[in-house]
Amino acid sequence: MAIVKPSLARGTRDFGPELMAKRKYIFNILESAFRKYGFLPFETPAMENLSTLTGKYGEEGDRLIFKILNSGDYLGEVSLQQFETAKADGSRSFTGLVSEKALRYDLTVPFARFVAMNRGSLNFPFKRYQMQPVWRADRPQKGRYREFYQCDADVIGSTSLQHEAELIALYVEAFQKLGLRNFTVRVNNRKFFAPIAQKLGLSGGEQALATPLDKLDKVGAEVVKAELLEAGASTTALDGFFELLAQSSSPNTLAQLCGWLGEEAAALPKAEMEQVWQLLEALQVDTSKVRFDMTLARGLDYYTGTIVEVVTHEVAMGSIGGGGRYDKLTGIFGVDGLSGVGVSFGAERIMDVMEQLQLFPGHIYHACDVLVFHFSESESLHAAAVVARLRAAGVGVEWYSEGNKLKKAFAYAEAKHIPYLAIIGEEEAKTDTVALKNLAAGTQEIMASSQLSQQFIRA
RNA sequence: GUGGAUGUAGCUCAGCUGGUUAGAGCGCUAGUUUGUGGCACUAGAGGUCGCCGGUUCGAACCCGGUCUUUCACCCCA
């Protein structure tokens, strides 16, 4: 077989022991936060039926789904006419002919699929957390991968705004536990969009508003204004709206927006926002980390109510978390009346942010407590006894196997961040002792083998 | 998916307008020190110059394609 130069598929990465230590550190913090709020673990397959995924993420999203080619003679069933048609529409209809499975694009849709399938046997409101990779056929950039982990917490089967408030509380708590200080949970409500679009006179409905609005902070007011004009907005209404946007960082934004819309039109989303806010305060959430942001839109089609997104101000990075309420997601699978709400943590980006801010504590990467080293074969049985004795006492031990060079054992232990080296030579074997060296301090002590485990149990 | 940049030793990078055996620092290996590292000194190993093709007497260097990474757009975690 030809030798292939080893390489990674585009947009993917390996996780060596050091990165794994960091990822597990993040996952452990998130997991304990999830459990603290009553969420239970849950997983779904990496691949779903293509029909489960398409149409849930918007047109752009559909394009980014990784499709899996059918097995066998997948071209045999395709007629020449179908082929020509597909060729004419830029291959769009072709995937449907040769692919019926795809890699999951997010964790929410598979979860909704599960709930719809198992509604009879679930205990509602059903709360689950899920930490698994998702795949997107996007063009990779910094902080943007084609395979990345999401950590989601969702509750399906309740319309209570308690869940919105609790999930925001969870966000604030988890990010603070991870060590992030300067971050904001942006909150908005999709129910504002229809009345705003109507007042502006947009023909395309709320989506015509959401897409341009979402990129306001990026492209600036003028560009957004131009796009909305093109979408049919009236000039006078637009001026009023941008006056609001110009001061959208003020704490009165919500009231101003509602004033502009009129009490009747704004009544529902306003009431929801206010209730969520009251609950946040009652839950003693640090609301300085939470901000109403009328420019937040979010791309995914399925959100219907409260939407949230988390950004950090300490490093340049896209959002590190996002979520919202979706009323009709299970409806697509034939089960109406099950509203859901959830949040997602972008593990990969959180990891990149924490890396840059050096938020990982130093102790998370160490293989075990002690490396046992013996000089020659004649001491190996004594060393084995020491190893066994330590492990029996619950101490993490690695037994060095490469030769008689103490120097190399030092380097090895250091590379794996093992704090202690237990040295066994002729003299130690004879007297049933061990020379225990603390690598960081450089101190060394001769002690009886039987006393050795005490050192670690104390520490 | 569209446009721009990038790619030289394990890592970070030199390499003058194309000209013989492609360099440095760090790291690695061995030794000074046959049982005590993190310092110093000495020696050494390691490169199809991303890949494929073209121009040329001659290409790491010029041209085309391709892949990777990266930036902007799009979108998003």
Side-chain angles (χ1 to χ4, degrees), chain A residues 2-13 16 26 30 57-65 90-92 104-108 131-152 171 210-212 214-215 218-219 223 227 296-301 308-312 316-323 342-353 371 373-376 379 400 402-415 418 420-429 434-446:
Chain A
I3 291 172
V4 181
K5 193 174 175 181
S7 62
L8 284 167
R10 176 174 223 196
T12 64
R13 52 183 187 168
I26 294 174
L30 292 181
Y57 308 110
E59 203 183 318
E60 189 68 19
D62 281 358
R63 209 195 65 202
L64 299 179
I65 295 171
S91 304
R92 232 168 311 218
R104 82 166 90 76
Y105 179 90
D106 74 351
L107 302 179
T108 310
M131 306 196 285
Q132 286 190 282
V134 302
W135 293 269
R136 295 185 187 178
D138 208 348
R139 192 130 161 189
Q141 284 182 33
K142 193 202 281 306
R144 171 184 280 183
Y145 304 93
R146 291 183 137 185
E147 176 186 70
F148 60 94
Y149 274 78
Q150 288 193 325
C151 304
D152 280 27
Y171 256 153
T211 310
D214 197 37
K215 52 190 179 188
K218 220 167 182 178
V219 300
V223 179
E227 280 189 41
L296 177 66
R298 303 215 22 99
L300 297 179
D301 275 2
V308 296
E309 189 165 286
V310 186
V311 289
T312 170
M317 181 69 73
S319 60
I320 52 177
V343 293
S344 177
F345 292 80
E348 244 72 28
R349 284 189 179 174
I350 291 171
M351 193 154 129
D352 288 349
V353 167
L371 183 70
F373 171 86
H374 65 279
F375 277 100
S376 64
E379 287 101 38
Y400 193 68
E402 298 308 297
N404 60 354
K405 289 269 197 287
L406 188 52
K407 201 173 184 174
K408 293 181 73 173
F410 272 116
Y412 185 84
E414 218 155 65
I418 301 171
Y420 286 92
L421 185 62
I423 303 164
I424 296 164
E426 225 176 310
E427 189 57 33
E428 286 84 358
V434 164
L436 184 68
K437 179 145 184 170
N438 179 327
L439 269 71
T443 55
Q444 187 169 318
E445 205 179 332
I446 307 277

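Just so it is clear, the values below take in all heavy atoms, side chains as well, and ignore hydrogens, waters and symmetry mates. Residue numbers begin at 1 in each chain, while the letters A, B, ... track the order of the sequences.
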Give one of base, sugar-phosphate or nothing for [X], where a contact means two heavy atoms less than 4.0 Å apart.
| X | answer |
| --- | --- |
| G11(A) | sugar-phosphate |
| E428(A) | base |
| L421(A) | nothing |
| L439(A) | base |
| I320(A) | sugar-phosphate |
| G143(A) | base |
| Y145(A) | base |
| G425(A) | base |
| S344(A) | nothing |

Given the structure, check if the side chain of [X] and the base of [N] hold any donor-acceptor pair shorter than 3.5 Å.
| X | N | value |
| --- | --- | --- |
| Q444(A) | G35(B) | no |
| K437(A) | U36(B) | yes |
| R139(A) | C71(B) | no |

Taking a pair as Watson-Crick or G-U wobble with both distances under 3.5 Å, which nucleotide is matched to [N]?
| N | result |
| --- | --- |
| U42(B) | A30(B) |
| U55(B) | none |
| U21(B) | none |
| U6(B) | none |

Out of [options], which nucleotide sits closest to the side chain of [X]?
| X | options | answer |
| --- | --- | --- |
| A435(A) | U32(B), C75(B), U36(B) | U36(B) |
| K405(A) | A77(B), G31(B), C75(B) | G31(B) |
| D138(A) | C75(B), A30(B), U69(B) | C75(B) |
| L64(A) | U69(B), G35(B), C75(B) | C75(B) |
| R136(A) | U68(B), A77(B), A30(B) | A77(B) |

Round to the nearest Å and state the distance from [X] atom [atom1] to [N] atom [atom2].
| X | N | atom1 | atom2 | answer |
| --- | --- | --- | --- | --- |
| R104(A) | A77(B) | CZ | C1' | 14 Å |
| L8(A) | G50(B) | CG | C1' | 14 Å |
| K407(A) | C28(B) | NZ | P | 11 Å |
| I65(A) | C76(B) | CD1 | P | 13 Å |
| E309(A) | C76(B) | CD | P | 9 Å |
| Q141(A) | C76(B) | CD | P | 14 Å |
| F375(A) | U33(B) | CZ | C1' | 13 Å |
| F148(A) | C75(B) | CZ | C1' | 11 Å |

What's the gap between [N] and [M] when it is taken at their [atom1] atoms, as a whole Å value?
| N | M | atom1 | result |
| --- | --- | --- | --- |
| C11(B) | C51(B) | P | 15 Å |
| G10(B) | U48(B) | P | 8 Å |
| A9(B) | C61(B) | P | 15 Å |
| A72(B) | C63(B) | C1' | 26 Å |
| G44(B) | G27(B) | C1' | 14 Å |
| C71(B) | C75(B) | C1' | 16 Å |
| G25(B) | G18(B) | C1' | 28 Å |
| G38(B) | C26(B) | P | 15 Å |

Do the side chain of R136(A) and the main chain of Y105(A) share a donor and acceptor less than 3.5 angstrom apart?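 Present.
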Between E402(A) and K408(A), is there a side-chain N and carboxylate O pair less than 4.0 Å apart?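 No.
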D138(A) and R146(A) ion-paired at < 4.0 Å: no
Among side-chain atoms of Y57(A) and D62(A), is any donor-acceptor pair under 3.5 angstrom?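 On atom types as modelled, these side chains do not qualify, holding no pair under 3.5 Å.
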What pairs of donor and acceptor atoms, side-chain ones from residues 434-444 of chain A against any protein atom, are under 3.5 angstrom apart with sequence neighbours left out?
from    : atom 1 : to      : atom 2 : distance (Å)
N438(A) : OD1    : A440(A) : N      : 3.1
N438(A) : OD1    : A441(A) : N      : 3.1

With rounding to the nearest 0.5 Å, note down the distance linking CD in E426(A) to NE2 in H374(A). 13.5 Å
Which distance, rounded to the nearest 0.5 Å, do you find between the CG of L30(A) and the CD1 of I350(A)?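 L30(A) CG to I350(A) CD1: 6.0 Å, rounded to 0.5 Å.
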Can you find a side chain N or O atom of R63(A) that sits less than 4.0 Å from OP1 or OP2 on G1(B)?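 R63(A) to G1(B) OP1/OP2: no side-chain N or O under 4.0 Å.
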OP1 or OP2 of A77(B) sitting under 4.0 Å from any side-chain N/O of R298(A)? yes
Aromatic centroids of Y149(A) and F345(A) separated by under 6.0 Å: no
By centroid distance (under 5.5 Å) and plane angle (under 30°), are F410(A) and G38(B) in a stacked arrangement?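 It does not: the two rings, one from F410(A) and one from G38(B), miss the stacking criterion.
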Which residues satisfy the side chain to side chain contact (heavy atoms under 4.5 Å, CB included) test with R13(A), sequence neighbours excluded?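 Partners of R13(A) under the side chain to side chain contact (heavy atoms under 4.5 Å, CB included) test: F15(A), Y145(A), E348(A), M351(A), D352(A).
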Upstream residue (5' side of RNA chain B) when A137(A) and E147(A) are each assigned their closest nucleotide: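 Whichever sits nearer the 5' end wins; that is A137(A).
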Need to verify one output field. Residue with the more 5' nearest nucleotide on RNA chain B, A441(A) or A9(A)?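 Mapping each residue to its closest nucleotide by heavy atoms, the 5'-most match is A441(A).
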